[in-house]
There are 2 protein chains.
Amino acid sequence: MEEQSTASNGLQESGRDEPQGREVVATSEAEAHKYDASKYERPSVTVDVVMMSLRQKDLQVLLVKRRSWPYEGMWAIPGGFVNIDESLEDAAKRELQEETQVENVYLEQLYTFGEPGRDPRTRVITVVYFALLDSERLQVKAASDAVDVDWFPVYDLPPLAFDHQQILEYTLNRLRGKLEYTTIAFNLLSEQFTLRELQRVYEIILHKKLDKRNFRKKILSTGILEDTGAKKMEGTHRPARLYRFNPAAEHEL
Amino acid sequence: MEEQSTASNGLQESGRDEPQGREVVATSEAEAHKYDASKYERPSVTVDVVMMSLRQKDLQVLLVKRRSWPYEGMWAIPGGFVNIDESLEDAAKRELQEETQVENVYLEQLYTFGEPGRDPRTRVITVVYFALLDSERLQVKAASDAVDVDWFPVYDLPPLAFDHQQILEYTLNRLRGKLEYTTIAFNLLSEQFTLRELQRVYEIILHKKLDKRNFRKKILSTGILEDTGAKKMEGTHRPARLYRFNPAAEHEL
DNA sequence: GGAATAGTGTCTCTAAGACAATATGTA
DNA sequence: TACATATTGTCTTAGAGACACTATTCC
């Protein structure tokens, strides 16, 4: 809460305390000279992308193994620099592409972490995005991956680099919260799915059992599902109806 | 979505695509030398703070008038650079202090805006915070303010600089959303308040009338209010009970 | 007693949750 | 027919919303 000079970094975005003036009104020519000489460092900005998917009846997250200091050998959330002419979301999409080759996935900005000490190398502010991938499309790529990229169950994580554990906890909470009042969960399933599969998604993320009858009643009453007419048989028992998400319906639960 | 070298920016936060190994071991000294040659520009990072308060039965936002290009003379959300050794939240608190002299207010990180073209001067990524101030404490300061800082009703805003209109719309939506399931609204009132005053806060923010009986029933049933025993008389009619927020109660509605 | 706002109770309807029996496919 | 999962309905309870009259203070 102490007073510090915002001006000192040489450029001021908003209205007041205009820092320096290489912009007309002179409020601060002096300052400009004084500060633009990169005497005052700028933080680095990265985008990290938490990619989650349902694999082997587990909610899993994609991590990459660090190859150098700091946290060498530890696992981390994939991320990278924001290019100077690239939007934050584009940077996140690029990161997603690099790791998964999958396009058109659910992507949401989560939170920005910027504690001064979070990266021992330098000041790094990271804008964290959150992506949900359906396992169907993902399977293909999975095998071809390098050894230093892998999926981990979110409830059984290795030690993580930086503040990445905290970031994953944050992500999981957000996911749980949104599960209740949005259709975010559908992004984890392929185009057609059974109600049982959908229920499993909820159970895995909320980490508790749900009543089958109540769950079906609730989902079906919203009208967000469309019966495809097809059925899915697996094992030696009655086949289940296949549904598809009806995007015409409002995206709320 | 195209592949671009994240490495090219000289420092990679997360696990993979390690931008080449100058990291080895050496602390960041080497890095600093090699990459800070600003061959690759870094975006600037600012923190903007949307400060809202209830004034004259209106939800108002604090804006500052720009004194120079770009958007000279237009109003903007107050903000400033993040100092290199300062957390994002500290930067927001500092900004808040500079504008209002008020401490201990509700402060929340909202969203990070970073479209490449949003500031014509250079690439600026801004982390937006959101503060709610109670008008009581604010009154004092109000008068002593400079002319280039002022409060505006959120439903009747002047033209705004940068993408600040979009930011305010985003803020208002978030506020409305949180109103329903959190006690965020209490931050706009002083320590003691009547139920009618609380209802007005909801009505102003949601922009619709609420039923008095249902509102009172709902609020009182949660147990988040404590009767102070005191009453508030104004005008020539029955005085109203004064309540206080009970922080012991869970912060949910 | 008039003016003005504070304070209060009932009914209906919807949604959530607890709970168990029948239906349909395969081998 | 045995097995395994899919599918379905009822009851209770809690909360939301519609709705109108009485209470208290000042003058």
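Please read these numbers as outputs of a predicted model, since none were measured by experiment. No hydrogens, no waters, no symmetry mates; every other heavy atom, side chains included, goes into these values. First the proteins, then the strands, lettered A, B, ... as listed; each starts at 1.
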Side chain proximity check, B:F152 to B:Q60, heavy atoms < 4.5 angstrom: no
Considering only heavy atoms from C-beta outward, does the side chain of B:F193 approach that of B:R200 to under 4.5 Å? no
Would a 4.5 Å heavy-atom cut-off, applied to side chains only, mark B:E115 and B:D163 as touching? no
Nearest whole Å is fine: how far is D:dG9 C1' from A:L220 CG? 14 Å
What string of B, S and - do you get for nucleotides 13-21 of chain D, 5' to 3', when a contact is any protein heavy atom under 4.0 Å? ---SBBBB-
DNA chain C contacts among residues 189-197 of chain A, heavy-atom distance under 4.0 Å: none
Hey, are the side chains of B:V102 and B:D134 touching, using non-hydrogen atoms and a 4.5 Å cut-off? no
Return the value, rounded to whole Å, for the distance between atom CD1 of A:I219 and atom C1' of C:dA15. 14 Å
Just so I know, are the side chains of A:I219 and A:Q199 near enough to count as touching, which here means a heavy-atom distance under 4.5 Å? no
How are the rings of A:F113 and A:Y170 set to each other: parallel, tilted or perpendicular (split at 30° and 60°)? perpendicular
Would you find more than 12 non-hydrogen atoms of other residues, nucleotides or ligands less than 6.0 Å from B:Q165 atom CD? no
Aromatic ring pairing B:Y155/B:H207, orientation class (parallel under 30°, perpendicular over 60°, tilted between): parallel
With B for base contact, S for sugar-phosphate-only contact and - for none (protein heavy atoms under 4.0 Å), nucleotides 22-27 of chain C reads -BBBB-
To the nearest angstrom, the CZ-C1' distance between A:F215 and D:dG9 comes to 18 Å
Between CG of B:L225 and C1' of C:dA6 the distance, given in whole Å, is 16 Å
May I ask you to test the B:R94-B:V47 pair for a side-chain heavy-atom distance under 4.5 Å? no
For B:R241 and D:dA23, give me the distance from atom CZ to atom P, rounded to whole Å. 15 Å
Any chance the side chains of B:T46 and B:T126 put a donor and an acceptor closer than 3.5 Å? yes
When rounded to the nearest 0.5 angstrom, what distance separates CD in A:E95 from CE in A:M51? 6.0 Å
